[in-house]
Structures are given as structure tokens and as C-alpha cells.
Amino acid sequence: MSFPTGITSLNNMAPELPVQASEDLLSTPMFSLIHSFGVDLHHAESYIGKTTRMSRFERLSTEGGQLDGSGIDPASEVPVRTDIDATMEIYAKSIVTNEQVVLYENSKTLTKFTALLGQWLREKEDLLMRDLFSSSVSYINCTGGGNGDQPSNLCLKDINNIENILLGNDARSMLTSLEATNKYGTAGVRDAFIALANTNLCADLQLVQGVTLKSAYPTQEGIRPEEYCAISRFRFFVSSKAAKTPGISMRANTVYTIPMYGLEAACKVEQNNYTAVIGYRPPWVVSSVAQNSQLYAKFAIARAITNQNWLSGLNATTTLAS
Amino acid sequence: MPFTIISGDSFTSTGAGVKIPLPSSADFFTTENITQEAASNPNTVIRGRWFGKKFGSGASAAGSGIKVVKTTADLTSAFSAGTGFTYVDTSPVVEAQSANAITSITAVNPAVVTQTNTYSDGDILQFYSTTGMLQIAGMNFQISSSSGSGYTLLGLPATASNGFAAAATAGYTRRISKYGAVEPEFLFITNISQATQAVVSTSVDPSAHYVVGMKIHLSVPYSFGMTQANQLTGKIVAVNAVSATSNIGAYNLTLDIDSSAFTAFAFPASTASPTAALFATLAPAGASTQFNPVTGVQTGYDFKVQPFRTGQFTPYMYLAGGAQSPAGANNDVINWLAYKLEN
């Protein structure tokens with residue numbers, strides 16, 4: 001058997017195009033956005049300053065009040081109003097693109113850049129709310145865990161202590177109960193406050209006594225993907241960007257801050273017509289030779305802790321740190 | 001790889017460190033000590049340069065950079081650790097720098113720290129692993145009367161009756177930002193007096209964060225003794241109005257809370273760590289306005305301090321102070337420029 005010579009192979013006829021794009025883009029990484037959905041949303045009008053004031057009338061004292069028949073009026077009480085102020089701030093990001101990128105890229109780069117800016121908007125907002133929680137709230141060190149650090153790792157006693165604080169301050173739970181159903185391995189979940197934790201705490205969350213992992217909820221309907229578990233009266237939501245401070249525990253380990261709160265504890269204020277602005281500046285505006293165009297995104301936000309009584313939290317280290 | 005100058009300015013040094021907010025991330029930063037450049041043979045830093053992470057293996061280490069010292073011939077070398085540039089671009093705002101060991105913290109009011117350091121008056125330090133005073137491990141304090149060998153903690157009345165049985169014999173510090181990511185930030189409480197108007201001592205100067213008329217919420221774990229103060233909200237009636245004495249620190253807020261019948265406040269013993277509940281803190285709880293028609297004075301309307309707002313702007317460049325550092329010695333005129341690579 002003889003073999004033909006002069007075989008046409010890739011050696012002498014390479015494909016005209018060396019690469020092709022797959023039918024789908026790969027996912028752009030995005031961290032879980034957990035710091036905004038549990039807070040109140042307020043709106044600020046234009047043309048009346050950059051500070052928004054939220055006011056609360058404090059309840060009247062319930063002491064005394066009985067008329068003794070003497071005709072003497074009980075002492076009147078002066079109502080107290082507490083004002084919470086928040087200053088509007090504007091954040092922006094832009095992408096300047098040379099025309100050759102648009103010209104030579106085989107996909108719609110400007111459309112994708114717009115999507116990236118949209119993602120930045122929500123991520124930045126989430127981090128700003130995280131910073132509010134980590135800076136302006138009193139936290140208590142965990143002490144019941146067994147890792148020997150200060151603060152310790154999470155335990156049920158520490159979590160119950162925060163429930164005591166919130167209930168003692170008449171905080172209202174944020175999430176309604178999930179009624180038990182006739183499904184094997186599930187259990188009802190009580191109405192709950194919200195707790196926000198770093199993903200590095202997930203291993204410790206699983207070990208807390210009485211934990212109900214999300215998979216054991218009686219229903220998965222309406223459950224957010226970033227929810228991790230329920231412990232005591234708290235439902236925990238986790239994010240890789242949740243607050244942590246490296247190297248400040250007694251043993252120089254990372255300390256994780258866990259805000260735990262109920263209704264109306266914190267808020268964000270959106271500026272009307274400035275919540276999410278995305279725009280395009282064409283090349284003839286950006287560049288004198290019309291070669292660079294610009295996409296931008298900007299938003300205005302004000303943030304505030306509206307009631308410290310209804311917000312508390314824990315500082316914790318991880319079991320692995322010991 | 002063209003550069004864009006994103007910001008630049010000049011300042012007259014006080015000899016202390018300087019924090020320079022930047023409008024965007026920076027890749028190159030330079031300082032010129034105009035005063036010392038004109039001097040003959042001053043043997044001080046006349047020029048500093050910092051290279052960001054875009055320079056890869058050529059990037060400057062945290063707290064360092066390149067310095068030019070003017071002698072008979074200019075000498076170029078790296079800043080020793082902590083005496084150069086510190087670039088901070090993230091929040092929470094613990095500056096990127098190595099931990100600095102302390103030798104001791106005295107158990108008196110105010111506490112005095114012995115430590116070889118490059119800190120400046122007003123810096124805020126995070127303390128941890130404080131052997132002998134573990135009840136403050138994790139707290140931050142503002143420093144004053146600083147020298148290269150130590151400083152004073154005006155916010156730490158470390159007396160025996162405030163729970164401090166002995167001096168600290170070891171520990172570490174890191175410098176952190178003077179402001180929280182969001183202001184008003186929570187503050188650590190170091191004492192609460194028993195008085196008709198409680199005086200709350202804080203670990204840092206509260207006047208940068210709170211004003212008269214604002215309300216604060218107290219969180220006082222049971223281990224601090226004064227359980228009656230826990231979860232109370234009070235209005236500030238004076239800031240730093242009480243002189244340091246006994247267990248009251250120099251940094252303090254006077255509240256409209258009558259604590260005269262409360263049990264005494266004291267830190268848990270160091271030996272109670274790590275199981276003692278920590279820390280006593282205060283957090284912003286709004287404000288109530290007052291108007292005095294006789295004096296015409298209105299309190300509770302300070303829009304520079306009162307509203308929730310961004311505290312520490314990031315990114316920023318911290319220039320260490322002193323003759324051998326980029327921020328220079330007292331009265332030196334320093335020019336600075338920040339650059340960003342365009343691609």
C-alpha cells in the first residue's frame with residue numbers, strides 16, 4: 001500500500017482565523033451585595049441642599065399620670081425630637097476608550113463597558129453601606145467561642161446576647177417567619193433580624209449550636225442566594241467584602257465585624273434623578289482628533305444609622321485562626 | 001507610558017506626619033524640600049520618591065520609598081521602614097505598615113507608652129497583644145507628647161480603680177486613620193464618672209467627631225461594672241470640658257445622663273481576657289437642637305460635624321515627618337506632586 005504524497009495539512013494551510021470567540025462571555029466576578037437591601041430607602045429632592053434630615057419623635061414617659069382628685073394637674077411633658085442628618089455624596093467612574101479598540105474588537109465593547117459600569121454602581125454602593133455599618137455602630141466582642149482569642153469565634157451565647165439587646169430596645173424583626181412544612185429535614189424559621197457576615201465566617205456559622213442551614217428552610221422561594229443560615233433570631237447573609245480588619249485581635253488575627261439589626265436601623269438616601277446616571281461622551285467631545293470616547297457612571301448617596309437601639313453586632317475571629 | 005499629574009501642592013511642615021488626600025489612585029509620588037535644598041550641606045532629606053504597585057518588583061515597600069539626602073554630595077537610598085511614604089487606598093483604614101512592638105504602658109492617668117517609634121502627635125494607634133493590659137487589646141488611642149522613644153495616651157486613665165492592676169509589659173501597635181470610613185464614628189469609652197452629668201472619657205479626642213447637641217448611644221458590657229449605662233442614649237452638653245483627674249481622661253464628653261447612682265465603671269482585669277465582654281463604646285444617635293433666646297445660641301446644627309458622611313477620604317498618601325522624612329522638619333516648605341500612569 002502506497003501513501004499519497006503532498007498531503008494538505010495544518011502545516012501548509014493554517015486556518016485563516018487563528019481563534020474564535022465562544023458563544024458566551026464568561027462571568028464577570030461580582031461579590032454578593034448584602035449591605036443595602038435591609039435598610040430603609042429615602043429620597044432627597046433637588047435644589048434644597050445636600051443634607052437630608054430624618055426626624056423621630058421619642059415616645060412619652062409612661063410614669064405617673066394618675067389624677068388624685070386634688071385638682072392639681074399632672075406635670076406636662078415636653079416631647080423630644082431626634083434628628084438624624086446625612087450628607088449627600090456623589091461617586092463616579094469613567095472608562096475612556098480609544099477608537100481603535102472599538103474598531104478592531106469583534107464584539108460590542110462599549111455595550112460591555114456599560115455593563116461593567118452598571119456593576120460598579122451597585123458594588124460601590126454596597127461597600128459604602130458596609131463602611132457605614134463598620135464605622136458608626138457599637139460592637140461587642142464574642143467571648144463564648146473556644147479559640148482563645150479576643151474576640152473569640154462565634155457561639156450561640158454571643159448571638160443570643162445581641163438578640164437580648166435588640167429585644168430589650170424594642171427592635172422589630174426584619175424578616176417574617178417561614179412556616180414549617182411537611183418536608184423531611186426541614187424546620188420552620190422564626191421571624192428574624194438580619195446579620196451580615198464575611199464569607200470567611202461560614203465554617204464557624206455551620207458549627208454554631210442550633211444553626212439551620214438555608215437548605216433546611218421549609219421553602220426556598222424568595223430566599224436570596226447570599227443567605228447562608230439562620231441562628232436563633234438572626235438570618236445570616238454573607239459576602240466576601242463584608243467588614244474585616246486584619247491583625248487586630250489579641251493574637252493579631254483578623255477581626256470580623258457582624259452588624260445585626262432590625263427594622264429602621266439604618267437608611268440610604270437617594271438623590272432624585274441622580275440614583276444611577278450612566279452616560280456617553282462621543283470622541284469629538286473627548287478628544288481633539290476624535291479618537292477617544294468616554295463612558296461614565298455616577299450616583300449620589302447619603303447614608304445614616306437611624307436608630308442605634310435597633311442595631312448592634314459582634315466582633316469575631318475564626319476558629320481556624322487559633 | 002505617559003504620566004498625568006493628578007494633583008500637587010505645597011505645605012509648610014510642622015515636623016509631624018502629613019496626610020494628603022488624592023483625587024484618584026496614584027502610581028508615582030514625589031516631594032521636594034524647598035527649604036533644605038537651598039541650605040548648604042544640611043544632611044537632611046531634600047527629595048522623596050514613591051513608586052506604586054504598577055512598577056512591579058520596583059515598587060516601594062510600605063512606609064518606605066527613595067530618598068535623596070543632601071550632603072557634600074547627594075546620597076540616594078531607601079527610607080528606613082516607617083520613615084517614608086505610606087499609600088492607603090482601602091477601607092477599613094489600617095495603614096499598610098508593619099507592627100511596632102512596645103516596651104511598656106504605665107498604669108497611671110494618663111498612661112505613658114515606651115516604644116521606639118516614628119509617630120507624630122495626634123496619630124491614632126491600634127493596640128493589640130498588650131501583655132499585662134489585655135483589656136485594651138483591640139482598642140485604639142490618640143497619642144500626644146510623642147518622641148522617638150514613647151508618647152502619652154491622654155485617653156487612657158489606667159489607674160487601679162479603673163481596672164488596671166499593673167503596667168503592660170509588651171504589645172504591638174499599628175497606626176490607623178484619624179477618621180473612620182464614615183463619620184461620626186464609634187469611639188471607645190475608657191471611663192464613665194458617677195455624676196449628675198456623667199463624664200464619658202474616650203480613647204481619642206472626641207472634638208473631631210462630636211459636638212454639643214449631638215446624642216450618643218452607650219454600649220457598656222456587664223464586665224465594665226456600670227451596667228445601668230448600657231444601651232442608654234444621652235445628649236452631649238460639653239466636649240473636653242472636664243480636666244483629667246482620678247479616673248477621668250483628658251478626652252471626654254459630658255452627657256445629660258445622671259449616673260450618680262450607677263455602680264462604678266472599671267475595666268475588667270487583664271487576667272479576665274479573653275472571656276471578659278469587651279468593649280465599652282459609644283456611637284452616634286442623632287441630635288436634638290436647642291435654642292437659647294437670651295444668648296441667641298443654637299446648638300445641634302453643626303453641619304460640618306453632625307451629619308453622617310465620609311470620614312477618611314481614600315486614597316491618601318501619608319508622609320512621615322522629620323528631617324529624615326518626606327514631610328520635613330518644622331518650617332520646611334515641601335512641594336509635592338502625585339502622578340498616575342495613563343496605561
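Note on naming: letters A, B, ... go to the chains in the order of the sequence lines (proteins, then strands), and numbering restarts at 1 for each one. The figures here come from the full heavy-atom set of this structure, side chains too, leaving out hydrogens, waters and symmetry mates. Bear in mind that the values here come from a model prediction, so they are computed numbers and not experimental data.
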Q: Could you tell me which portion of A:Gln308 (side chain, backbone, both or neither) has an atom closer than 4.5 angstrom to a non-hydrogen atom of chain B?
A: both
Q) Considering residues at least two apart in sequence or located in another chain, which fulfil the ring pair (Phe, Tyr, Trp, His ring centres under 6.0 Å) criterion with A:Phe113? A) none
(Q) Quick check for you: among B:Ser288, B:Ser219, B:Ser129, which has the greatest number of heavy-atom pairs under 4.5 Å with chain A? (A) B:Ser129
Q) At a heavy-atom separation under 4.5 Å, does A:Asn169 approach chain B through its side chain, its backbone, both, or neither? A) side chain
Q: Name the orientation class of the two ring planes belonging to A:Phe299 and A:Tyr91 (parallel below 30°, tilted from 30 to 60°, perpendicular beyond 60°).
A: parallel
Q | Over 12 non-hydrogen atoms of neighbours within 6.0 angstrom of OH in B:Tyr172 | A | no
Q: Among B:His209, B:Gln231, B:Arg309, single out the residue with the greatest number of heavy-atom pairs under 4.5 Å to chain A.
A: B:Gln231
Q) Checking heavy atoms, do the side chain of B:Pro284, its backbone, both or neither come under 4.5 Å from chain A? A) both
**Q.** Toward chain A, the part of B:Thr233 with a non-hydrogen atom under 4.5 Å
**A.** side chain
Q) So which of A:Thr257, A:Leu127, A:Ile84, A:Asn141 has the biggest tally of heavy-atom pairs under 4.5 Å with chain B? A) A:Asn141
Q) Tell me, side chain or backbone of B:Leu218 under 4.5 Å from chain A's heavy atoms, or both, or neither? A) neither
Q) Checking heavy atoms, do the side chain of A:Ser152, its backbone, both or neither come under 4.5 Å from chain B? A) neither
